[in-house]
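Indexing begins at 1, ligand by ligand and atom by atom, following the structure's order. Because the structure is a prediction, the values reported are computed rather than measured.
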Amino acid sequence: MKTSFIQCLALVALICAAAACGCTGTNGPGAQVEDEIAWNLTLTDGTQEKVLSFSEVKALPAWEGYGYAVSTVGIKYGPYNVKGVPLTALFEQIGGFETGDQVGISAPDGYYWVFDDEQVAGKGFVTFDEDLKEKPSPDLTLVLAYEFNGTAIPEEDGGPLRVVVGTAEPGTITEGSAWVKWVDTIEVERS
Ligand SMILES: Nc1nc2c(c(=O)[nH]1)N[C@H]1C(S)=C(S)[C@@H](COP(=O)(O)O)O[C@H]1N2
Ligand SMILES: [Mo]
């Protein structure tokens, strides 16, 4: 009887310790590991270069909203709740972004996508409704996303860092070709 009471106490102490160390946090057992994903993001404008680790990207002021895309063959993916860093916040790390500048975003597979200043300001994208009928664009935000639906973006979905053309409200679909997967380099081309 006495032994089992002590065993019970020990178990309670163990659970408390686990909770205190974050092992049973709301994001589950992976929460601590996610912050340590080994991935570097290189920001450059041709003259200066800054390398941010995955956790340094996550430490920047976050943007949260929605992302919903369509591939060139008409497959919709999303809608996702998206969390990430607006590209404009990343540009501040390397001297900003001005009218006339462009940005090239690339990944280790060789994919490379260019956004002009209008798109960096959230305009000039083609947008669709749920039936894939083109509709006028709401204000959009170019985001370097690190979470879809509250968890780290899986590698097969383009994680750990993926471009999202995001919206404040759900229900707007954007073209998947701009959603660069596995982003490792962001290069500002100054005008
Ligand atoms: N790095 C990288 N990102 C990429 C691509 C790619 O080939 N490489 N393809 C793009 C295109 S054309 C589309 S339609 C979507 C496809 O996303 P999915 O593979 O998640 O369906 O990713 C975009 N991002
Ligand atoms: Mo595509």
Quick test of your reading of the structure: of E175, K181, K76, whose heavy atom lies closest to atom 3 (N) of ligand 1?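 Residue with the shortest heavy-atom distance to the ligand atom: K181.
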
Among protein heavy atoms, which lies nearest [atom], and at what distance?
{"atom": "atom 22 (O) of ligand 1", "value": "R162 NH2, 3.2 Å"}
{"atom": "atom 23 (C) of ligand 1", "value": "G176 O, 3.3 Å"}
{"atom": "atom 11 (C) of ligand 1", "value": "S177 CA, 3.7 Å"}
{"atom": "atom 7 (O) of ligand 1", "value": "Y111 CD1, 3.5 Å"}

Mind checking whether Y77 has an N or O less than 3.5 Å away from an N or O of ligand 1?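 Yes, Y77 has an N/O under 3.5 Å of an N/O on ligand 1.
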
Is any N or O atom of T72, backbone or side chain, closer than 3.5 Å to an N or O atom of ligand 1?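 No, T72 has no N/O under 3.5 Å of an N/O on ligand 1.
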
Close approach, E156 and ligand 1, non-hydrogen under 4.0 angstrom: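 E156: no contact with ligand 1 (<4.0 Å).
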
Looking at ligand 1, is there an atom of it that comes within less than 4.0 Å of some heavy atom belonging to D109?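 Flag set, D109 near ligand 1.
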
For the residue pair [X] and [Y], establish whether any side-chain heavy-atom pair is separated by less than 4.5 Å.
{"X": "N81", "Y": "E64", "answer": "no"}
{"X": "V165", "Y": "Q119", "answer": "no"}
{"X": "F148", "Y": "V82", "answer": "yes"}

Out of all atoms in ligand 1, which are within 4.0 Å of some heavy atom of [X]? Include the element for each.
{"X": "S71", "result": "14 (S)"}
{"X": "W179", "result": "22 (O), 23 (C), 24 (N)"}
{"X": "A107", "result": "1 (N)"}

Picking from I105, L90, V120, what satisfies side chain to side chain contact (heavy atoms under 4.5 Å, CB included) with L142?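 Going through the options one by one, the only one that passes is V120.
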
If the test is side chain to side chain contact (heavy atoms under 4.5 Å, CB included), which one of L87, T44, I94, T42 qualifies with I186?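 Only match with I186 under side chain to side chain contact (heavy atoms under 4.5 Å, CB included): L87.
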
Are F128 and L140 connected in a single hydrophobic cluster, I mean Ile/Leu/Val/Met/Phe/Trp/Tyr linked by side-chain heavy atoms less than 4.5 Å apart?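 Shared cluster, no.
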
Treating Ile, Leu, Val, Met, Phe, Trp and Tyr as nodes and any side-chain heavy-atom pair under 4.5 angstrom as an edge, say whether I173 and V143 lie in one connected cluster.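 No, it is not one cluster - the side chains of I173 and V143 are not joined through contacts under 4.5 Å.
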
To the closest 0.5 Å, what do you measure between CD1 (I153) and CD (E147)?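 The distance works out to 8.0 Å.
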
